[in-house]
Amino acid sequence: MQLPIDSTKHQGQRMQLVALLKEKGISHPQVIAALEKVPRHWFMDPGLVSHAYKNKAYPIAAEQTISHPYTVAFQSELIDVKAGDKVLEIGTGSGYQTAILKAMQLEIYTIERQRELFKKIQRLFSQIGLRPKQVLFGDGYLGLPEDGPFDAIIVTAGAPYLPKTLLSQLKIGGRLVIPIGEDPQIMYRYTRTGEKNFDKETFGEFRFVPMLKDKN
Ligand code: SAH
């Protein structure tokens with residue numbers, strides 16, 4: 001199948017967006033290179049493509065959203081990874097965050113709980129030739145015990161509480177980046193410093209759609 005177009009106009013708008021994100025404090029070279037490379041408009045609904053390079057969240061299917069570019073960039077920095085690291089993403093959604101992580105040369109496992117989005121994303125990933133290690137339909141609260149432990153876990157929906165199962169799937173030294181609470185959420189980073197020990201840091205308020213239990 002043919003790749004969607006990535007015109008010079010799209011590329012120019014993308015560079016302007018990246019410049020804005022740098023002004024807002026994004027500085028990790030691997031993250032910036034990924035933001036420059038990945039066409040965000042490929043991950044948006046056709047009717048919203050002209051908005052793809054605004055620093056805003058937009059609706060996708062199943063009452064979910066494609067996250068703000070700044071939020072995607074910020075979480076991608078917080079996981080503090082290097083090329084080749086093994087990363088679990090909870091909440092595939094539009095697939096944009098997945099594509100950014102893949103462009104950062106990480107080994108990606110991603111879970112989506114809504115079948116409609118899961119099917120859509122599988123079609124899109126094959127169309128654009130994006131091959132995460134695993135794209136799964138399932139419940140992110142459970143993580144992926146059989147494929148862990150992970151260097152980092154990134155949760156892209158607002159969790160009502162800290163799912164302890166996810167902490168247990170981190171390598172020693174691994175990081176869990178997760179927004180917790182009700183609108184707004186607080187961004188947390190838990191670093192596993194030992195078998196049973198974790199450091200906790202907070203990074204301010206963000207707004208995410210809620211992380212849900214039931215699948216459909
Ligand atoms: N990373 C995505 C964010 C999408 S919004 C992007 O940039 O587009 C959050 C996503 O988390 C939604 O697609 C939602 O369906 C999914 N989600 C919510 N609860 C979940 C759960 N328990 N397990 C896995 N995915 C979940």
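Side chains included, hydrogens not; waters and symmetry mates left out as well; all remaining heavy atoms used. Note that ligands are numbered from 1 as they come in the structure, with each ligand's atoms numbered from 1 the same way.
Of the residues listed (Val31, Ile32, Val72, Ile26), the one engaging Leu21 in a side chain to side chain contact (heavy atoms under 4.5 Å, CB included) is Ile26, and it is the only one.
For the pair Arg40 and Tyr96, the distance from NZ or CZ to the six-membered ring centre is under 6.0 Å and the angle to the ring normal is within 45 degrees.
Among pairs with a residue in residues 153-168, none fulfils salt bridge (Lys or Arg N to Asp or Glu O under 4.0 Å), at least two apart in sequence or across chains.
Between Asp151 and Lys86 there is no salt bridge, since no side-chain nitrogen of the basic residue lies less than 4.0 Å from a carboxylate oxygen of the acidic one.
Side-chain contact check for Thr92 and Glu112: no donor-acceptor pair (N or O, by modelled atom type) lies under 3.5 Å.
Note on ring orientation: taking the six-membered ring where Trp is involved, the planes of Phe74 and Phe203 are perpendicular (angle over 60°, cut-offs 30° and 60°).
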What does the contact table look like for ligand 1 (nitrogen or oxygen on each side, cut-off under 3.5 Å)?
unit_1   : atom_1 : unit_2 : atom_2 : d
ligand 1 : 1 (N)  : Glu89  : OE2    : 3.4
ligand 1 : 1 (N)  : Gly91  : O      : 3.1
ligand 1 : 1 (N)  : Thr156 : OG1    : 3.1
ligand 1 : 8 (O)  : Ser94  : N      : 3.1
ligand 1 : 8 (O)  : Ser94  : OG     : 2.6
ligand 1 : 13 (O) : Glu112 : OE1    : 2.7
ligand 1 : 13 (O) : Glu112 : OE2    : 3.4
ligand 1 : 15 (O) : Glu112 : OE2    : 2.5
ligand 1 : 15 (O) : Gln114 : NE2    : 3.3
ligand 1 : 19 (N) : Leu212 : N      : 2.9
ligand 1 : 22 (N) : Asp139 : OD1    : 3.2
ligand 1 : 22 (N) : Leu212 : O      : 2.7
ligand 1 : 23 (N) : Gly140 : N      : 2.8
ligand 1 : 25 (N) : Arg113 : N      : 3.4

